[in-house]
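Take a look at the structure below.
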Amino acid sequence: MRFQYVLSEIATGLRRNLTMTIALVIVVAISIAMLGAGLLVRSQADTTKGYWYDRIEISVFMCNAFSTGAGCADGAVTDAQRDSIRQTLESHPEVDEVFYENQEQAFQRFSEQFDDSDIGGIITPDQLPESFRVALQDPEEYDGVVSAVSGLPGVQEVTDQRQLLEPLFRTLSGFQLAAFAITVIQIIAAVLLIANTIRLAAFNRRRETGIMRLVGASNFYIQLPFILEAAIAGLLGSLLGIAALFAGVELVVGRFIAPNLQFTTWVDGADVWSATPWLLIAGVAVSMLASFITLRRYLRV
């Protein structure tokens, strides 16, 4: 009997405050979608870092006949200098593997990259430097390798691909912070709207709650229909936000971004699915907590 009463009160509250309930569902949906977007951006940042960290190499460019600088004062790198550089790299504890690229190989790779450019017909193989490409055991530990070979005779320049990727990582982190900031604003808006909805529902049913007090109903029993109304609205909003997130990932990432930007792996529906339980819990929990606090602090039921 009590359970039927609670259900009838929930139905009555949702029907009386239909407009506010719809607004609440929409706000919760936007909040959950933004929270999910923040989680996906974080996952994308981790995925991109993992994808590129496995491919990060240090390139040690050696002197040729056209090189200048302190390490190239004696002209092009000699066989002895080349062997010394290789030995230094292979004996370093942070180095996983060393690949040698001669001038002909460098020219072939250069021609493939600049095949449609005018500069491709000007450069000759002897103008390009020989190099060692160094794969690291831990991409985070690169300073020691750079320091070990930077001052060796025959070394023109040492470059670390990580320096090229840092702007990308910073941009992803910025997007992540922006998404979470918007999420916080949306959650605050959702909490305020939940509070107003619950206060309006309690005001409309003040006669019923007054009678329940007179007959000795507990505070929890009086509050339960209002809390469950907020939980239902939060659940519906969460499901709507998750559906929007799925649609956005499939349409925007799956059909547009991923096919055209293949420099990394991208998040997909599986990432959204893995975040779904947490998003559902967040939407329902925030709605129930906001309604409970509102009833305790403002309605004094």
Side-chain angles (χ1 to χ4, degrees), residues 21-57 136 138-140 142 160-194 197 230-291:
T21 301
I22 293 175
L24 175 59
V25 169
I26 293 174
V27 172
V28 172
I30 295 174
S31 302
I32 292 300
M34 291 305 303
L35 176 60
L39 294 176
L40 290 180
V41 171
R42 180 178 180 180
S43 177
Q44 182 62 59
D46 294 338
T47 299
T48 302
K49 287 182 179 180
Y51 179 90
W52 281 106
Y53 273 12
D54 290 341
R55 292 161 174 79
I56 284 179
E57 297 176 342
L136 303 175
D138 182 1
E140 295 282 353
Y142 61 92
D160 173 29
Q161 293 177 347
R162 181 190 173 98
Q163 298 173 357
L164 302 177
L165 297 173
E166 282 300 331
L168 173 62
F169 297 153
R170 285 196 298 269
T171 300
L172 290 173
S173 298
F175 283 143
Q176 180 181 345
L177 292 175
F180 279 122
I182 296 175
T183 300
V184 170
I185 296 173
Q186 289 293 336
I187 289 176
I188 293 174
V191 168
L192 294 176
L193 187 57
I194 291 169
T197 303
I232 292 173
L235 178 61
L236 294 176
S238 299
L239 292 173
L240 185 61
I242 292 169
L245 206 59
F246 266 110
V249 168
E250 292 298 326
L251 294 176
V252 178
V253 179
R255 297 189 181 183
F256 178 72
I257 297 179
N260 295 291
L261 301 176
Q262 300 182 5
F263 61 87
T264 185
T265 53
W266 293 92
V267 294
D268 54 19
D271 295 286
V272 181
W273 182 253
S274 64
T276 294
W278 301 107
L279 296 176
L280 287 174
I281 292 173
V284 174
V286 168
S287 300
M288 294 181 66
L289 184 61
S291 64

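In what follows, residues are counted from 1 in the order of the sequence shown. Heavy-atom basis, side chains included; hydrogens, waters and symmetry copies ignored.
In this structure, CD1 in Ile32 is found 10.0 Å from CG in Leu239, a value given to the nearest 0.5 Å. The structure places CG of Leu235 at 11.5 Å from CD1 of Ile281, a figure rounded to the nearest 0.5 Å. Atoms CG and CD1, on Leu236 and Ile26 in that order, are 11.5 Å from each other to the nearest 0.5 Å. Here the CG-CZ distance, from Asp271 to Phe246, works out to 9.5 Å after rounding to the nearest 0.5 Å.
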Starting from the C-alpha separation in whole Å, work towards a yes-or-no answer on side chain to side chain contact (heavy atoms under 4.5 Å, CB included) for Ser238 and Leu279.
CA-CA 7 Å; Ser238 299; Leu279 296 176; 5.9 Å; no

Evaluate side chain to side chain contact (heavy atoms under 4.5 Å, CB included) for Val272 paired with Leu39, printing each intermediate quantity in order.
CA-CA 9 Å; Val272 181; Leu39 294 176; over 6 Å; no

Can you list the steps and then say if Val253 with Asp268 is a side chain to side chain contact (heavy atoms under 4.5 Å, CB included)?
CA-CA 7 Å; Val253 179; Asp268 54 19; over 6 Å; no

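When all heavy atoms are compared, the tightest approach of Gly269 to Val249 is N-CG1, 3.9 Å. Across every non-hydrogen atom of Ser274 and Pro277, the tightest pair is O-CD, 3.6 Å. Nearest approach of Gly241 to Ala33, heavy atoms of both residues: O-CB, 3.9 Å. Contact detail for Val28 and Gly234: the closest heavy-atom pair is CG1-O, 3.7 Å. Residue Ser287 comes nearest to Ala230 through the heavy atom pair CB-O, 3.2 Å, listed as atom of the first residue, atom of the second, then distance. Between Val25 and Ala233, the shortest heavy-atom contact is CG2-O, 3.7 Å.
Ile188 meets the side chain to side chain contact (heavy atoms under 4.5 Å, CB included) test with Val184, Leu192; sequence neighbours excluded. Residues satisfying the side chain to side chain contact (heavy atoms under 4.5 Å, CB included) criterion with Ser31, sequence neighbours excluded, are Val27, Gln186, Ile187, Ala190.
Put simply, the side chain of Thr276 reaches to within 4.5 Å of the side chain of Leu280, judged on heavy atoms.
Remark: the backbone N or O of Leu245 is not paired with any side-chain donor or acceptor of Glu250 at under 3.5 angstrom.
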